[in-house]
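Structure first, then comments.
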Amino acid sequence: MSVAKTPYHYLTWCAGIALLLFFIGPIIWFIALAIRPPETAFTLPPTFIFKPTLDAFRHILLSPGTNAPQIVNSLVVAIGAVILNIPFSVPAAYALSRFPLRGKKHIMLWYLGLLMAPPIAFLIPYFILVTHLGLAGTYLSMILVMQTMIIPFSVWLMKSFIDEVPPELEEAARMDGARWYVIMWRIVLPIVRPGLIVTSMFAFVFAWNNAAFPLVLSSRATATLPIGTLGYFATSGVTWNYIAAAAVLAMIPPMLIFIIFDRYVVRGLTFGSVKG
């Protein structure tokens, strides 16, 4: 039995298509900008039919291939930031969720304040600090500094997942003589694994896309892809096709991560929303 279509249904479809085009339009435009000839990029009226070319991707990856090492640098920094983030954020989130700590509310507000603060406000102090430590221009300096933004976000997110774990499970294990770290490792972490994966995904994307900290902390050898993209803004002009090609490449790792772990994203974002 078919349901009669009402004007409301058509209006909903039109609104959905318009919203989809609003979000996916810039991505399509950047892809087209990367594969179209440079002379047709900003012609008036716009040129919608053109012969695609991969010269921009060839330039940034092969000849001269300036951005190829920067992609590797971005992966090193992003993966390193995630690996360093988990051992600090998860125990902190567990402690804030389970232990009766004094000033817990103020600690969470302090974390929130770090998230709200603009990263550019920390650039000069961090540059002076890493220079005195002899870490300027290294991967480690960027990985360490990014924790000031990644850890507060991860603690807030992981605490919400741990809060949904029934305390009765931990009490039963505690009666059997298990210590808190054993309970966290054997009971809590397997239950909140979707939240742990989602937290790591967002931490990776933040570190991958961050340009503020590498701008002052990296060197020519450790510059990340966002910093390399800024090099195409020159006094002689802006090479938009190279910028678009680099932007398209920068989209690929986060998109692949969210496509591969999409089921964990759904489970993680809905964790605890339904209680039996």
Does [X] use its side chain to pair, donor to acceptor, with the backbone of [Y] at less than 3.5 Å?
X	Y	value
Thr224	Ser74	no
Asn241	Ala56	no
Arg58	Gly65	no
Lys159	Ala93	no

Looking at [X] and [Y], what are the two nearest heavy atoms and their distance?
X	Y	value
Val248	Ala34	CG2-CB, 4.5 Å
Ile150	Ala81	CD1-CB, 3.8 Å
Ala250	Pro253	O-CD, 3.8 Å
Phe213	Met149	CE1-CG, 4.2 Å
Val145	Leu217	CG2-CD1, 3.6 Å
Ala78	Ala207	CA-CB, 3.7 Å

Side-chain heavy atoms nearer than 4.5 Å, only ILVMFWY residues, links allowed to pass through others: does that put [X] and [Y] together?
X	Y	value
Trp13	Leu21	no
Val205	Ile252	yes
Ile24	Leu33	no
Ile17	Leu19	no
Leu20	Ile27	no

Ring geometry between His59 and Tyr242 (parallel below 30°, tilted from 30 to 60°, perpendicular above 60°): parallel
Derivation of the side-chain contact (heavy atoms from CB on, under 4.5 Å) call for Ile35 and Phe50: CA-CA 9 Å; Ile35 62 176; Phe50 55 86; 4.0 Å; yes
Test side-chain contact (heavy atoms from CB on, under 4.5 Å) applied to Leu62 and Phe57, step by step: CA-CA 8 Å; Leu62 299 176; Phe57 292 98; over 6 Å; no
Looking at [X], I want to see if its [atom1] is surrounded by more than 12 non-hydrogen atoms of other residues, nucleotides or ligands under 6.0 Å.
X	atom1	answer
Arg174	CZ	yes
Met251	CE	yes
Phe258	CZ	yes

Just distance, no hydrogens or angles: give the donor-acceptor pairs under 3.5 Å from side chains in residues 107-131, sequence neighbours left out.
from	atom 1	to	atom 2	distance (Å)
Tyr126	OH	Thr148	OG1	3.3
Thr131	OG1	Phe127	O	2.6

Sequence-distant partners of Ser154, side-chain hydrogen bond (donor to acceptor under 3.5 Å, both in side chains), two or more places apart: Asn85
Quick one: are [X] and [Y] in side-chain contact, heavy atoms under 4.5 Å?
X	Y	value
Thr138	Thr222	no
Phe99	Lys104	no
Pro38	Trp240	no
Leu101	Leu96	yes
Ile86	Ser200	yes
Ile183	Arg179	no
Ile243	Phe233	yes
Phe204	Thr199	no

Single hit among Leu84, Ile79, Ile83 for side-chain contact (heavy atoms from CB on, under 4.5 Å) with Ile143: Leu84
Ile60/Tyr232 under side-chain contact (heavy atoms from CB on, under 4.5 Å): CA gap, chis, key distance, verdict: CA-CA 11 Å; Ile60 67 176; Tyr232 295 118; 3.3 Å; yes
Derivation of the side-chain contact (heavy atoms from CB on, under 4.5 Å) call for Leu249 and Ile71: CA-CA 9 Å; Leu249 290 178; Ile71 296 176; 4.0 Å; yes
Within this structure, what is the [atom1]-[atom2] distance for the pair [X] and [Y], rounded to the nearest 0.5 Å?
X	Y	atom1	atom2	value
Ile162	Glu170	CD1	CD	8.5 Å
Leu135	Leu144	CG	CG	7.0 Å
Met184	Ile191	CE	CD1	13.5 Å
Ile257	Trp208	CD1	CH2	8.5 Å

Listed partners of Leu215 passing side-chain contact (heavy atoms from CB on, under 4.5 Å), at least two apart: Ile227, Leu230
Polar side chain donor-acceptor pair, Asn73 to Gln70, under 3.5 angstrom: no
